[in-house]
Amino acid sequence: MRTFPTAFGLTPSQVRQVIRLAGMAPSLHNSQPWRFRITPHLIELHADPGRRLRAADPEDRELWLACGAALLNLRLALAHEGIRPVVSLLPPLGASTALAEVRSGGQGQPRPEEVRLHAAIPERHSHRQPFRDVPVATADRHLLARAAQEEGTWFHVVQPGQQGALEGLVHRANRVQMADNRFRAELAAWVGRGAGSTEGVPLAAAGPKPDPADQWVHRDFTAGQTERDPGTKFESHPLLVLLCTRTSDPAAELQAGQALQRLWLTATAQGLVASMISQVLEVRETREEVMDLLGGHATPQAMLRIGHGTTTAVAPRREPDDMVFDGVVEPHTGR
Ligand SMILES: Cc1cc2nc3c(=O)[nH]c(=O)nc-3n(C[C@H](O)[C@H](O)[C@H](O)COP(=O)(O)O)c2cc1C
């Protein structure tokens with residue numbers, strides 16, 4: 001194994017651990033579309049253009065969300081190592097093509113909230129199985145709302161009167177995607193990989209095969225390889241939230257990614273579990289209808305289902321050595 005690059009006076013093994021934790025962020029189909037350039041005084045976050053998902057995410061919106069989520073983990077991991085991170089999003093100077101630059105703002109103990117969220121990083125997973133029919137407590141909802149706000153975003157709780165319309169849109173979006181050969185081929189490439197794979201969604205984490213009668217249609221990660229247990233019944237009232245930003249641009253998406261991760265880690269730290277239901281925001285027409293549903297003033301970036309659940313299988317990750325590079329960088333992806 002080559003020596004890992006160092007930054008901010010940390011040891012190579014500390015920096016490797018920082019990158020490992022950054023890489024535990026969620027990403028579309030577990031594509032892990034990030035990479036890091038490490039210099040003694042700077043860690044740059046870059047998109048990995050080879051990991052774009054052109055059928056599901058043609059505008060790279062979700063790629064930027066995933067990179068934002070990795071950035072939040074990076075911030076927490078540095079804070080844990082005693083480095084106060086200072087982040088510039090989309091640094092404008094020079095020829096940099098980084099999505100974000102992280103510098104040291106000096107040394108200091110992590111704050112209690114950072115300690116809690118840092119501990120939740122390896123515990124956070126996508127829970128695609130049915131949840132228990134237990135509501136999310138009001139105090140927890142407030143904590144989640146605050147987490148979103150702390151990263152400059154907010155979420156809209158889907159109200160009972162909106163559920164019917166939204167359910168219909170999710171089903172429609174799913175049908176559009178599954179009728180698209182390119183989308184299906186891309187999805188197939190990321191699911192059901194062998195035991196040694198370090199990316200993609202393993203069958204064990206896939207959740208039940210979706211049924212057209214399900215209230216909320218989940219993405220089908222079963223690759224046609226597992227049958228649904230006939231007794232499967234999803235919870236009747238999940239907490240569904242739409243994470244929103246004011247604008248729709250790469251900076252907003254990086255912001256939303258950090259908020260998504262802070263929200264999800266906060267839920268994890270509170271003993272809650274979550275999964276994402278994204279089809280409706282990936283298909284342009286249904287996404288526009290969701291915007292209308294929200295009154296036209298918000299950009300919905302992510303939809304999460306949050307509740308109480310049991311343990312789930314873990315999706316694998318690449319090694320930190322695979323996520324760092326020191327070469328010349330290509331321009332920003334597609335935007
Ligand atoms: C932008 C984005 C969209 C996602 N959309 C979905 C989705 O529609 N359905 C789903 O089950 N998981 C979705 N996920 C979750 C990823 O599949 C998951 O993060 C990845 O497989 C890694 O697994 P983990 O979350 O358990 O670490 C999404 C994640 C991100 C960041």
Side-chain angles (χ1 to χ4, degrees), residues 20-34 47 51-53 55-73 120-131 169-171 173-174 176-178 183 186-187 189-193 197-210 214 216-223 234 238 240 242-243 245 252-265 267-268 273-283 286-287 300-306 309 311-318:
R20 185 185 298 286
L21 288 169
M24 287 183 182
S27 60
L28 189 61
H29 303 357
N30 198 20
S31 52
Q32 305 167 51
W34 43 70
R51 295 175 168 273
R52 297 173 72 190
L53 296 173
D57 184 28
E59 292 170 355
D60 290 335
R61 188 183 61 83
E62 291 177 297
L63 178 148
W64 289 69
L65 283 184
C67 287
L71 178 60
L72 186 85
N73 281 8
I121 292 175
E123 306 301 324
R124 184 217 56 84
H125 309 296
S126 294
H127 283 250
R128 301 187 179 89
Q129 295 291 340
F131 294 169
L169 290 174
V170 173
H171 278 269
N174 194 61
V176 169
Q177 289 189 326
M178 294 311 275
F183 177 88
E186 183 180 83
L187 179 64
W190 290 92
V191 298
R193 294 186 178 194
S197 180
T198 56
E199 55 201 12
V201 180
L203 280 181
K209 187 173 176 50
D214 286 337
W216 300 102
V217 62
H218 296 264
R219 196 173 332 259
D220 190 354
F221 287 113
T222 63
F234 277 90
L240 280 174
L242 283 157
L243 186 69
T245 53
E253 288 151 16
L254 285 173
Q255 208 77 53
Q258 292 174 86
L260 168 70
Q261 185 67 351
R262 184 177 283 271
L263 173 60
W264 206 335
L265 292 177
T268 306
V273 300
S275 68
M276 293 181 72
I277 302 178
S278 306
Q279 304 95 314
V280 72
L281 301 181
E282 289 164 353
V283 173
T286 52
R287 179 175 159 82
Q301 299 281 8
M303 178 156 128
L304 278 121
R305 156 184 171 257
I306 304 171
T311 53
T312 192
V314 174
R317 289 298 191 276
R318 291 180 292 145

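All ligand and atom numbering here is 1-based and tracks the order in the structure. All values reported here derive from a predicted model rather than from experimental measurement. Along the sequence shown, residues carry numbers from 1.
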Quiz item: Do the charged groups of Asp57 and Arg52 touch, with an N to O distance under 4.0 Å?
Solution: no

Quiz item: What are the two closest non-hydrogen atoms of Asn73 and Met24, and how far apart are they?
Solution: ND2-C, 3.8 Å

Exercise. Go through the side-chain N and O atoms of Asn174 and Arg219 and say whether any donor and acceptor fall under 3.5 Å apart.
Key: no

Quiz prompt | side-chain hydrogen bond (donor to acceptor under 3.5 Å, both in side chains) partners of Thr245, counting only residues at least two apart | solution = Gln301

Self-check item: Non-hydrogen atoms of Ala66 and Ala25 that approach each other most closely
Solution: O-CB, 4.3 Å

Quiz item: Looking at Gln129 and Arg305, what are the two nearest heavy atoms and their distance?
Solution: O-NH2, 2.8 Å

Quiz item: Using a threshold of 4.0 angstrom between heavy atoms of the protein and any atom of ligand 1, which residues qualify?
Solution: Pro26, Ser27, Leu28, His29, Asn30, Glu62, Leu65, Arg124, His125, Ser126, Arg128, Val201, Arg219, Phe221, Met276, Ile277, Ser278, Ala315, Arg317

